[in-house]
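Only a predicted model underlies this, so the values are computations on that prediction, with no experimental measurement involved.
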2 protein chains.
Amino acid sequence: MIPNKTVAYALTILGFMATRNEAMCSAEYLHQQLNIPRRYLRRLLTDLASHGFLKSSSGRNGGFIFAQDLKGTNLAMVINKLEGSDAINNCIPSFSCCIVDKPCIIVHGWKHVQRWSKL
Amino acid sequence: MIPNKTVAYALTILGFMATRNEAMCSAEYLHQQLNIPRRYLRRLLTDLASHGFLKSSSGRNGGFIFAQDLKGTNLAMVINKLEGSDAINNCIPSFSCCIVDKPCIIVHGWKHVQRWSKL
DNA sequence: TTTTAATACTACCAAAAGGTATTAATATAT
DNA sequence: ATATATTAATACCTTTTGGTAGTATTAAAA
């Protein structure tokens, strides 16, 4: 599945950081570990921080660390934040069956996606 | 979830056609029903046909109709065909946990997507 | 056999997403 | 205080995706 690279990167970052919980990670370190383009990675980290998934601290020895409330976070929440409002629930924009009278055959499949495992 | 518009359109088309099984649909008819941009819809229909999901017949009274073998088709197959090789299994490209030593926390979530309901 | 209603193909344009460069701001260590 | 190692912000370039235009091809109907 390809939601898009940004989402993939974000999950990669959070997944990686989850394996070293409570450790502060600099952008440079994450870049070396995860092979995500430096500059883009930085922007993403800033985004994740501003959305409350990470906490950032500037200056020497700074970096990024999980925000407290990440424990109750699941993948859907990450995607929804990054993709704007409710990307997962609005899964297939203007899905035909929701316009036409017949019941929606396909949408059921997407329901699973909304119950992803917690981080 | 937003795989991308092309995939969303494709699922919309197939979903709609599934509600009128065995009926031949012209591109113009589908355009009117589904509100997908005319030209782009045509291209997509051609693609779906060339990938074997639909059969096309040219000429007057032509159009598109389900191919025989669509009965065993699931959403993952459609996406994989449209997105190129194995888009679903390669879900998160170069996922960190597959590089690093620790087990992959996130990837489990995506497994669900591979077992979507049949069309 | 000519007209007409359809798909097929190819090339092109526009918008969005991915990625880079530069500079500013911040905070620690010496 | 100053140098240094970090994040923050903004503007820009590149690539991919979404969408359009024009023409060719096909086949049924008259």
Might you point out which heavy atoms bring B/Met24 and B/Gly62 nearest each other, and give the distance in Å?
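Looks like CG-O, 4.1 Å.
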
Is the B/Tyr9 ring parallel, tilted or perpendicular to the B/Tyr40 ring (thresholds 30°, 60°)?
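Taking B/Tyr40 first and then B/Tyr9, their aromatic rings stand perpendicular (interplane angle over 60°).
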
Could you give the [atom1]-to-[atom2] distance, from [X] to [N], as a whole number of Å?
X	N	atom1	atom2	answer
B/Met24	D/dA27	CE	P	12 Å
A/Asn35	C/dG19	CG	P	12 Å
A/Glu28	D/dT6	CD	P	8 Å
B/His31	C/dT7	NE2	P	13 Å
A/Arg60	D/dT6	CZ	P	8 Å
A/His51	D/dA8	NE2	C1'	15 Å
B/Lys55	C/dA8	NZ	P	14 Å
B/Ile36	D/dT20	CD1	C1'	16 Å

Please figure out whether A/Arg38 or B/Ala27 has its closest DNA chain C nucleotide nearer the 5' end.
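Its nearest nucleotide lies further toward 5', so the answer is B/Ala27.
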
Could you check if a side-chain atom of [X] sits within less than 4.5 angstrom of a side-chain atom of [Y], using non-hydrogen atoms only?
X	Y	result
B/Lys55	B/Phe64	no
B/Thr6	B/Leu44	yes
A/Leu14	A/Phe66	yes
B/Met17	B/Leu30	yes

Are OP1 or OP2 of [N] and a side-chain N or O of [X] less than 4.0 angstrom apart?
X	N	answer
B/Asn61	D/dA27	no
B/Ser58	D/dA27	no
B/Lys5	C/dA16	no
B/Ser56	C/dA8	yes
B/Tyr9	D/dG19	yes

Per A/Tyr40 side chain, nearest of listed nucleotides C/dG19, D/dG19, D/dT6:
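Closest nucleotide among those given: C/dG19.
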
Residues from residues 41-49 of chain B lying under 4.0 Å of DNA chain C - heavy atoms:
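Residues of residues 41-49 of chain B that come under 4.0 Å of DNA chain C are, in numerical order, B/Arg42, B/Arg43, B/Thr46.
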
Whether A/His31 side chain and A/Ala27 backbone form a donor-acceptor pair below 3.5 Å:
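No, because the side chain of A/His31 does not come within donor-acceptor range (under 3.5 Å) of the backbone of A/Ala27.
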
